Amino acid sequence: MTLDGRVTLVTGGAIRVGRAIVQALAAEGATMAVHHHGSVDEARSLVAELRSKGLRAEAFRADLTDDAQLGSLVADVERTLGPIQVLVNSAARFTRKPFLDTEAATLDSEWRLNARAPFLLTRAAARGMVERREGVVVNVLDIGGGLVPWRNYSAYCMTKAAMNMLTQVLALELAPHVRVNGVAPGTVLPPESLGPEEREQLRARIAGPGFITGQVIAVDGGRVRGSP
């Protein structure tokens, strides 16, 4: 699948990692649906930036923890831009709290955004993908979700681990026409305390294929998951 004109929805697309994903996909020619919740100004500036380059982009506001707003997001995007062909689930909440101090409210809020929302949003978007016999879903995971335990992030790690398994289940259930994959980045945004020289050293160390090691990536059309 090429991205030329493909309608692509990125959740949390106005800031941080989501913004970088939007910019990268737009550069490949995708038609961008930039989802945001509170980052109104950032979403508008990003859309303006993309349009100035002759690219097609629109901003869509929705609280993904609100079922009514989540349910209307897909309809809003498709009414404005056309059928969603690529969905990137990037929006997430990242709360630092020792396990013994983590309240139920913190767990619930992270679960609703990090795991429940991608489940429901993918279900809504995938119905059309299955009917059209074409689609791609990419879940932004984390090495702290099923790969490496992180101290003081128990709620976050648990929800990302759930999303990891959801990725595998959906790859099986939505095959062969809808592909579902996850990306688990390591270092993405450096700490504010790092100086310019340290930032450059970090960037040089993690950039390019030299940062990938010890991984087995099955390029088999889903066969290892039992897909047709």
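As the structure is a computational prediction, the values presented were derived from the model and not from experiment.
Remark: side-chain polar atoms of S90 are not paired, donor with acceptor, to backbone N or O of V140 under 3.5 angstrom. No donor-acceptor pair closer than 3.5 Å links the side chain of N114 to the backbone N or O of K160. At least one donor-acceptor pair closer than 3.5 Å links the side chain of R93 to the backbone N or O of S109.
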Derivation and outcome, side-chain contact (heavy atoms from CB on, under 4.5 Å), residues Q85 and E134: CA-CA 7 Å; Q85 294 154 296; E134 180 186 58; 4.1 Å; yes

Working for side-chain contact (heavy atoms from CB on, under 4.5 Å), residues M129 and L87: CA-CA 10 Å; M129 293 178 180; L87 170 63; 4.2 Å; yes

Is there a side-chain contact (heavy atoms from CB on, under 4.5 Å) between Q23 and E49? Walk through the geometry before answering. CA-CA 9 Å; Q23 291 169 324; E49 171 193 318; 3.1 Å; yes

Could you walk me through whether R123 and E173 pass salt bridge (charged side-chain N to carboxylate O under 4.0 Å, His left out), step by step? CA-CA 11 Å; R123 188 182 65 181; E173 289 207 27; over 6 Å; no

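Checked against side chain to side chain donor-acceptor pair (under 3.5 Å), E42 has no partners two or more places apart in sequence or in another chain. With sequence neighbours left out, Y153 forms a ring pair (Phe, Tyr, Trp, His ring centres under 6.0 Å) with F94. Qualifying salt bridge (Lys or Arg N to Asp or Glu O under 4.0 Å) partners for E103, counting only residues two or more places apart in sequence or in other chains: K97. Not a single side chain to side chain donor-acceptor pair (under 3.5 Å) links S154 to another residue, sequence neighbours left out. Remark: F119 engages no residue in a ring pair (Phe, Tyr, Trp, His ring centres under 6.0 Å) (not counting sequence neighbours). Residues that satisfy the salt bridge (Lys or Arg N to Asp or Glu O under 4.0 Å) test with R116, not counting sequence neighbours, are D67. For E58, the salt bridge (Lys or Arg N to Asp or Glu O under 4.0 Å) partners two or more places apart in sequence, or in a different chain, are R51.
Contact between A26 and L50 at its shortest, heavy atoms only, is CB-CD2, 3.7 Å. Contact between A124 and V74 at its shortest, heavy atoms only, is CB-CG2, 3.9 Å. Between T8 and L25, the shortest heavy-atom contact is CG2-CD1, 3.7 Å. Between T11 and A91, the shortest heavy-atom distance links the atoms OG1-N, 2.9 Å. For the pair L70 and L121, the tightest heavy-atom approach, listed with the atom from each and the gap, is CD2-N, 4.0 Å. When every heavy atom of A155 is checked against every heavy atom of L107, the shortest pair comes out as CB-CD1, 4.0 Å.
No continuous path of ILVMFWY side-chain contacts below 4.5 Å connects V86 to L174, so the two sit in separate hydrophobic clusters. Placement of V130 and L166 within a single hydrophobic cluster is found when ILVMFWY residues are connected by side-chain heavy-atom separations under 4.5 Å, directly or transitively. Tracing side-chain contacts under 4.5 Å through hydrophobic residues (I, L, V, M, F, W, Y), one reaches V7 starting from L73; they form part of the same cluster. Following chains of ILVMFWY side-chain contacts shorter than 4.5 Å, one can reach L46 starting from L55, so the two form part of one hydrophobic cluster. If you chain together hydrophobic residues whose side chains sit under 4.5 Å apart, V137 and V88 never meet in one group.
Among residue pairs with one or both ends in residues 48-79, none qualify as ring pair (Phe, Tyr, Trp, His ring centres under 6.0 Å); sequence neighbours excluded.
Cluster partners of L141, using a side-chain heavy-atom cutoff of under 4.5 Å among ILVMFWY residues and allowing indirect links, are M163. Hydrophobic clustering, defined by side-chain heavy atoms of Ile, Leu, Val, Met, Phe, Trp and Tyr closer than 4.5 Å, groups M165 together with V169. Through direct or indirect side-chain contacts shorter than 4.5 Å among Ile, Leu, Val, Met, Phe, Trp and Tyr, F99 is connected to L100.
Between E131 and R127 there is no salt bridge, since no side-chain N of the basic residue sits under 4.0 Å from a carboxylate O of the acidic one.
For R79 and S72, the side-chain atoms include no donor-acceptor pair closer than 3.5 Å.
With values rounded to the nearest 0.5 angstrom, Q69 atom CD is found 10.0 Å from D76 atom CG.
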Between side-chain atoms of residues 31-41 and protein atoms elsewhere (two or more places apart, or another chain), which donor-acceptor pairs fall under 3.5 Å?
from: T31; atom 1: OG1; to: G5; atom 2: O; distance (Å): 3.3
from: H35; atom 1: ND1; to: G12; atom 2: N; distance (Å): 2.9
from: H35; atom 1: NE2; to: A62; atom 2: O; distance (Å): 2.8

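Between V180 and T122, the closest side-chain pair of non-hydrogen atoms is not below 4.5 Å.
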